[in-house]
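Below: one structure, written as structure tokens.
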Amino acid sequence: MSTTGPSTPPDPPDPHRLARQSVRWAIIGVVVSSVLAVVGIYQSSHDGGGGVTGGSSSSSTSGSASGSVSGGDSASGSTTGDGGTDGTTTGGATEGTTDGTTTGGATAGGTTAGGTSGASDSAGTSGGLGTTDDSGNDGLTADERALRDTLNTDQWSRDSCAHTEWRGADAALYCTVTTVDQYGVSGSGKASVIMYGTKSDRDAVFQSYAARLQPGDCEAQTNAYGTWRENNTGDSAGDVVCFLSDTGQYVFLCSYYDRPALVQISGPDHTSLAAWWHTMEPVFSS
């Protein structure tokens with residue numbers, strides 16, 4: 001399963017590539033400056049009769065480069081005269097078609113449910129407005145921990161949940177989900193679960209995918225939108241979009257009528273993805 005999907009908001013420029021290019025030019029600048037300094041010292045020593053006395057010469061060079069991109073990814077690199085370098089990157093996922101990110105995978109948006117998002121998914125997009133809480137060491141915000149604690153532990157591995165970024169979301173997680181179908185066959189994959197402040201905020205993201213598609217049955221076709229129903233009651237529980245992302249991943253992005261949430265999954269086979277989607281119920285335990 002994947003969380004990224006190219007049909008939703010486009011992926012930002014690769015921060016790793018930008019950082020590598022910046023650091024490369026900085027290193028070249030340091031090397032050239034150092035060579036010129038050595039040549040100058042050599043020439044001075046020869047002009048003065050083979051030595052330098054009564055004076056001193058010194059040279060120092062430094063270079064730095066940094067690059068940043070929107071969409072929740074940033075990268076920076078620096079090089080100093082002593083040859084030290086460092087680079088850091090941070091980033092997130094998409095249903096960028098798995099919503100918002102890869103919604104759906106691709107699942108409507110971007111998600112990479114989320115590479116991390118992972119990332120991403122897709123799908124990556126900027127977002128994540130949750131309040132940070134330094135009391136934990138899991139990398140999650142307080143809002144993300146609250147979202148994690150509502151998930152059905154019979155299927156969702158809460159310990160696996162990692163932060164991901166979705167456009168405008170209060171909290172977004174990318175987690176491992178393990179289900180069992182009606183024949184007792186176990187299936188495992190990754191999914192993104194995203195919570196917004198209001199249903200209107202959520203709908204704005206969902207409709208950005210649905211508006212490009214035609215009404216249809218996501219179980220029988222792709223590139224469509226419709227409603228999904230609870231397995232036990234048959235009642236309509238939310239809307240769903242499904243599509244084939246630019247990366248060749250099928251994405252399902254689902255909304256919920258009772259809360260401002262989205263869930264996204266994605267995978268390489270439409271039939272298998274639809275079957276696994278049906279076993280993911282309920283997502284929320286509270």
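Throughout, numbering of the chain's residues begins at 1 and tracks the sequence.
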May I ask you to decide if [Y]'s main-chain N or O and [X]'s side chain share a donor-acceptor pair within less than 3.5 Å?
X	Y	result
Glu281	Asn231	yes
Arg158	Thr153	no
Arg202	Ala261	yes
Gln221	Asp217	yes
Ser160	Thr176	yes
Asn152	Pro282	yes
Trp156	Thr150	no

Over 12 foreign heavy atoms within 6.0 Å of CG, Asp159 | no
Will you find, in the side chains of [X] and [Y], an N or O donor that is under 3.5 Å from an N or O acceptor?
X	Y	result
Tyr257	Asp239	yes
Glu219	His278	yes
Trp276	Thr179	yes
Ser200	Asp203	no

Are Val193 and Leu151 close enough, and set up right, to give a side chain to side chain contact (heavy atoms under 4.5 Å, CB included), and what steps lead you there?
-> CA-CA 9 Å; Val193 56; Leu151 299 174; 4.2 Å; yes
So, do Phe284 and Tyr256 have ring centers that fall under 6.0 Å from each other?
-> yes
Residues Met280 and Gln155: closest non-hydrogen pair is CA-OE1, 3.5 Å
How many angstroms lie between CG in Leu173 and CZ in Arg145, if you round to the nearest 0.5 Å?
-> 10.5 Å
Value for CH2 (Trp277) from OG (Ser272), rounded to nearest 0.5 Å, stands at 14.5 Å
Report the C-alpha distance between Ser186 and Thr178 in whole Å, list the side-chain angles of each, state the deciding distance to 0.1 Å, and finish with yes or no for side chain to side chain contact (heavy atoms under 4.5 Å, CB included).
-> CA-CA 7 Å; Ser186 176; Thr178 302; 3.6 Å; yes
